[in-house]
Number of protein chains: 2
Amino acid sequence: MGITKTDRFTEQQNKLAILAKALGHPARIAIIEYLLKVDTCICGDIVNELPLAQPTVSQHLKELKNAGLIKGNFEGNSICYCINESGFEKIKGFFQNISNHLDKNKKQCC
Amino acid sequence: MGITKTDRFTEQQNKLAILAKALGHPARIAIIEYLLKVDTCICGDIVNELPLAQPTVSQHLKELKNAGLIKGNFEGNSICYCINESGFEKIKGFFQNISNHLDKNKKQCC
DNA sequence: ATTTAATATCGTAATATTGCAATATAAATA
DNA sequence: TATTTATATTGCAATATTACGATATTAAAT
């Protein structure tokens, strides 16, 4: 049916899935990598960095913002974007857990 | 057009996106969490753990496997599933990078 | 050889995502 | 105020995802 059975999973599971999904597109990975590279909040030129039309980039930015992975504030007549640390903390925690589990436990049989 | 412009991004970016996308569904998060919880390779009963029909679970398992996040081997007449560490290493690295960057750099203005 | 059990595949309906042209909006500047 | 610049929204076509019933496959057990 193309619709995820959100209500059958925990809030935690849904939250993690939303964060992961937001990173599940190369354009959105590219945006994050660019924000990290310039190492500061950037006003505007993300559109010029990506091989996509302006409305498409705008849409990807919106998704990253909705997921809580970037922040964007009006700054004069452009917008200032940067990484939203708290979103990344959540995912990082998930992978840290996995990593800890895997280090402790080596019962791999496959 | 509903089709991602894969060729316009780097291989790295596409790989990360594929991994993240595979985790972008609560059922697949639930599968990973279950595999971590039982702390061993599990033969079969993932279907019973999830609130989804067997063909649907099978499809989700396939996606996790294709993305390189789990492994599955035939073990008699059932299948033995477990976490694929190498897939998780890659994503963990990405978040580690981000985390390092953010710790070093506090030029947040948003 | 049949039956049973576990899992995969096929087919299909409902819905979501991706991408962009066209257009709207909103602030800065002339 | 009119124009320019930056960004968002709308509408739509192409494609992808989610879910599941029906069915196929495969290996073990009878």
Side-chain angles (χ1 to χ4, degrees), chain A residues 1-9 13-14 17-31 34-35 41-67 69-82 110, chain B residues 1-9 13-14 17-31 34-35 41-67 69-82 110:
Chain A
M1 301 161 187
I3 188 169
T4 295
K5 287 186 152 183
T6 301
D7 55 311
R8 302 303 200 85
F9 299 95
Q13 289 165 340
N14 281 304
I18 286 170
L19 287 166
K21 196 173 185 177
L23 292 170
H25 191 291
R28 296 194 289 267
I29 295 282
I31 290 170
Y34 180 60
L35 287 178
C41 300
I42 207 68
C43 295
D45 40 36
I46 295 175
V47 171
N48 304 320
E49 281 293 311
L50 294 193
L52 298 170
Q54 179 267 322
T56 309
V57 174
S58 185
Q59 201 174 283
H60 284 305
L61 286 168
K62 193 176 169 185
E63 277 171 66
L64 286 170
K65 206 171 162 186
N66 285 343
L69 291 168
I70 64 174
K71 289 185 275 188
N73 286 356
F74 284 92
E75 184 93 4
N77 78 343
S78 71
I79 293 190
C80 181
Y81 281 109
C82 57
C110 303
Chain B
M1 303 165 184
I3 188 169
T4 294
K5 288 187 153 183
T6 301
D7 55 311
R8 302 303 200 87
F9 299 96
Q13 288 166 339
N14 281 304
I18 286 170
L19 287 166
K21 194 173 186 178
L23 291 170
H25 190 292
R28 297 195 288 266
I29 294 283
I31 289 170
Y34 180 60
L35 287 177
C41 299
I42 208 68
C43 295
D45 39 38
I46 296 174
V47 171
N48 304 320
E49 280 294 312
L50 293 193
L52 297 170
Q54 180 267 323
T56 309
V57 174
S58 185
Q59 200 173 284
H60 284 305
L61 287 167
K62 193 176 168 186
E63 278 171 65
L64 285 170
K65 206 173 161 185
N66 286 342
L69 291 169
I70 65 173
K71 288 185 276 188
N73 285 357
F74 283 91
E75 182 93 4
N77 78 342
S78 70
I79 292 190
C80 181
Y81 281 110
C82 57
C110 305

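This structure is a prediction, so every number in the text was calculated from the model and none was measured. Residue numbers start from 1 in every chain, and the chains themselves are labelled A, B, ... in the order their sequence lines are given, proteins ahead of strands.
A straight line from CD1 of B/I42 to C1' of C/dT7 spans 16 Å, rounded to a whole angstrom. The interatomic distance linking A/Q59 (CD) with D/dA8 (P) rounds to 11 Å, in whole Å. The separation between B/E63 atom CD and D/dA16 atom C1' is 10 Å, rounded to whole Å. In this structure, B/I79 atom CD1 and D/dT26 atom C1' are separated by 10 Å, rounded to whole Å. Between B/L64 atom CG and C/dT7 atom P the separation is 15 Å, expressed in whole Å. The interatomic distance linking B/N73 (CG) with D/dA27 (P) rounds to 14 Å, in whole Å. Atom CZ in A/R8 sits roughly 12 Å away from atom C1' in D/dA19 (whole-Å rounding). When rounded to the nearest whole Å, the span between CG of B/L61 and P of D/dA19 equals 13 Å.
Across all non-hydrogen atoms, the minimal contact from B/A22 to B/A67 is CB-CB, 3.5 Å.
Here B/R28 lies in heavy-atom contact (under 4.0 Å) with sugar-phosphate atoms only. Nucleic acid contact class of B/K65 (heavy atoms, under 4.0 Å, all strands): none.
Phosphate proximity of C/dT17 to B/K21: absent, as no side-chain N or O sits under 4.0 Å from OP1 or OP2. Contact annotation: B/K62 side-chain N/O to C/dT9 OP1/OP2 distance is under 4.0 Å. Applying the 4.0 Å criterion to OP1 and OP2 of D/dA19, one finds that B/H25 has a side-chain N or O inside that range. Phosphate proximity of C/dC20 to B/K5: present, with a side-chain N or O under 4.0 Å from OP1 or OP2.
A/P51 pairs by the side-chain contact (heavy atoms from CB on, under 4.5 Å) definition with B/R8, B/F9, not counting sequence neighbours. Applying the side chain to side chain donor-acceptor pair (under 3.5 Å) rule to A/D45 yields the partners A/Y34; only residues at least two apart in sequence or on another chain are considered. Scored by the side chain to side chain donor-acceptor pair (under 3.5 Å) test, A/E63 finds A/R28 as partners (sequence neighbours excluded). Partners of B/S78 under the side-chain contact (heavy atoms from CB on, under 4.5 Å) rule, at least two apart in sequence or in another chain, are B/C43.
Near DNA chain C, meaning a heavy atom under 4.0 Å away, the residues from residues 44-58 of chain B are B/G44, B/Q54, B/P55, B/S58.
Of the listed nucleotides (D/dC20, C/dT7, C/dT17), C/dT7 has the atom at the smallest distance from the side chain of B/S78. Of all nucleotides listed (C/dG19, C/dA8, D/dA19), C/dA8 comes nearest to the side chain of B/Y81. You'll find that the side chain of B/H60 is closest to D/dA19, out of D/dA19, D/dT17, C/dT9.
Side chains of A/H60 and A/L50 form no contact here, defined as non-hydrogen atoms less than 4.5 Å apart.
Pairs passing the side chain to side chain donor-acceptor pair (under 3.5 Å) check and including a residue from residues 49-59 of chain B, sequence neighbours excluded, do not occur.
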